[in-house]
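Working notes for the structure below.
Computed from a prediction, not measured in an experiment: that's the story for all the values here.
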Amino acid sequence: MSAPCEPRATAPASAPPVPPVPSARTTASASAPAARRPAVDWRIRFGGLSLIWGFSFLLIKVGTEGYAPFQVTFGRLLAGTAVLVAAMAMRRERLPRSARTWGHLTVAALLLNALPFSLFSYAELTIPSTLAGICNATSPLWGMALSVVALSEDRPTRRRVAGLGVGFLGVLTVLGAWQGFSGLDLPGTGMALLASFCYPVGWIYVRRTLAGTGSSTLALTGSQLCLATVQLAVVTPLFTSAPTSFPLLPTLCVLALGALGTGLAVLLQYGLVQEVGPTTAQMVTYFIPVIATAAGVALLGEQLSWNTPVGALVVLVGAALTQSRPRRTAATAPVPAPAPEGSLPAAPAPGSPPVEAAGRGPRPPQP
């Protein structure tokens, strides 16, 4: 159901760095010891992030077996917020002070967290987790279509337009359009697609309103999750009654969904973007539907017809084409503005999907 590095001016990932002018200061710093690398290799963390986000749809499915959809979303946000608040306390991050920033974060929390997370929870009452995971992979397609309208500097190329067409052809294949969508739960599928549509709307909004606020991305993301939790705390009692029991497996799934999929995953993506760059980190997007499908079939016994994996592959090909951009040289590449704040790292997730351009990193795949 919509990942970071600290906002700073850096060259796009596709452009080689411009060598600095030698000076006494740079010569002295060259002899300084190299920065300490993380204890865990980035490939292991990349694989872990793919698994966490891929299994999120299975966790949602099991969570809704014991709790109402709004309760699943509230528990998820509460656990994820606790992880990020702990990380902010350890790093001594300061909360934003501007009332205007908090206002924009409230809207971002609705578009990127509260609304899509709730839609996915409601969707999985009637559709398999495999289909929900594939619907999530359509976010780059919606993003490309919206960016043409909303972002004047994001001009489409023939390849990206072709990717948009290929991607939606894949969606029709997954849904079995030639069969008249027979056997498909249209309301549930529509909610899953609407959830994936919320992410690019939210990314465009935060790009326009929250870039260059002066706060770190971690502080803004933690604040955004706090606001989303408050929103669900207000809405949940209006539509559901308090649970009378706490079944073990659904409870553990909701806690794992929040602590891992909404909390730890953000921190992992932070580190990946900083260490290997957004281009490599964004590739996690394309593993999510594959893992979600495998988990649903193997662990939940969900049925899989031929058109589901074939259509999913076509969707991913189209999504990859919509993200393709011409390479720029260091001399001609513009210096980007600060990356969009308030979502996941300068990047897809639940769930976002990546786009690189001046002024933004890849979008987070938010399951």
For [X] and [Y], test the side chains for any donor-to-acceptor distance below 3.5 angstrom and give the result as yes or no.
X    : Y    : result
T229 : T81  : yes
T64  : E124 : no
W102 : S223 : no

Backbone N/O of [Y] and side chain of [X]: donor-acceptor pair under 3.5 Å:
X    : Y    : value
W42  : E275 : no
R45  : V40  : yes
T322 : G163 : no
S245 : P247 : no
S196 : L193 : yes
Q269 : L49  : no
N307 : V174 : yes
T101 : R97  : no
T138 : I134 : no
Q231 : L115 : no

Check: [Y] and [X] side chains under 4.5 Å, non-hydrogen atoms:
X    : Y    : value
L131 : C135 : yes
L112 : Y205 : no
S215 : R94  : no
S50  : I288 : no
L268 : I52  : yes
L218 : L267 : yes
L119 : C198 : yes
P187 : T126 : no

If I take atom [atom1] from residue [X] and atom [atom2] from residue [Y], how far apart are they, to the nearest 0.5 angstrom?
X    : Y    : atom1 : atom2 : result
T285 : L316 : OG1   : CG    : 9.5 Å
L58  : L300 : CG    : CG    : 4.0 Å
L220 : L84  : CG    : CG    : 12.0 Å
L78  : L225 : CG    : CG    : 11.0 Å
I291 : Y286 : CD1   : OH    : 15.0 Å
S121 : L257 : OG    : CG    : 7.5 Å

Inset, instruction - Answer yes or no: is there an ion pair linking E302 with K61, defined by an N-O contact shorter than 4.0 Å? - result: no
Between [X] and [Y], what is the shortest heavy-atom contact and its length?
X    : Y    : result
A123 : A192 : CB-N, 3.9 Å
P243 : Q71  : CD-NE2, 3.6 Å
A137 : P289 : CB-CG, 4.0 Å
V161 : M144 : N-CE, 3.8 Å

Legend entry - ILVMFWY cluster, V284 and V276 together (side-chain gap under 4.5 Å): yes
Legend entry - Derivation of the ring pair (Phe, Tyr, Trp, His ring centres under 6.0 Å) call for F46 and F287: CA-CA 10 Å; F46 182 95; F287 290 88; 5.7 Å; yes
Legend entry - salt bridge (Lys or Arg N to Asp or Glu O under 4.0 Å): pairs with one or both residues in residues 171-181, sequence neighbours excluded: none
Inset, instruction - Any chance you could lay out the side chain to side chain contact (heavy atoms under 4.5 Å, CB included) test for R76 and L59, step after step, and finish with the verdict? - result: CA-CA 10 Å; R76 171 185 188 173; L59 297 176; over 6 Å; no
Inset, instruction - Could you check whether the rings of F239 and F70 sit parallel, tilted or perpendicular, using 30° and 60° as the cut-offs? - result: tilted
Inset, instruction - May I ask you to decide if the ring planes of F246 and Y67 are parallel, tilted or perpendicular, using 30° and 60° as cut-offs? - result: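 It falls in the tilted class, 30° to 60°.
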Inset, instruction - Applying side-chain contact (heavy atoms from CB on, under 4.5 Å) between V315 and each of L169, V171, V166, V310, report the one that passes. - result: V171
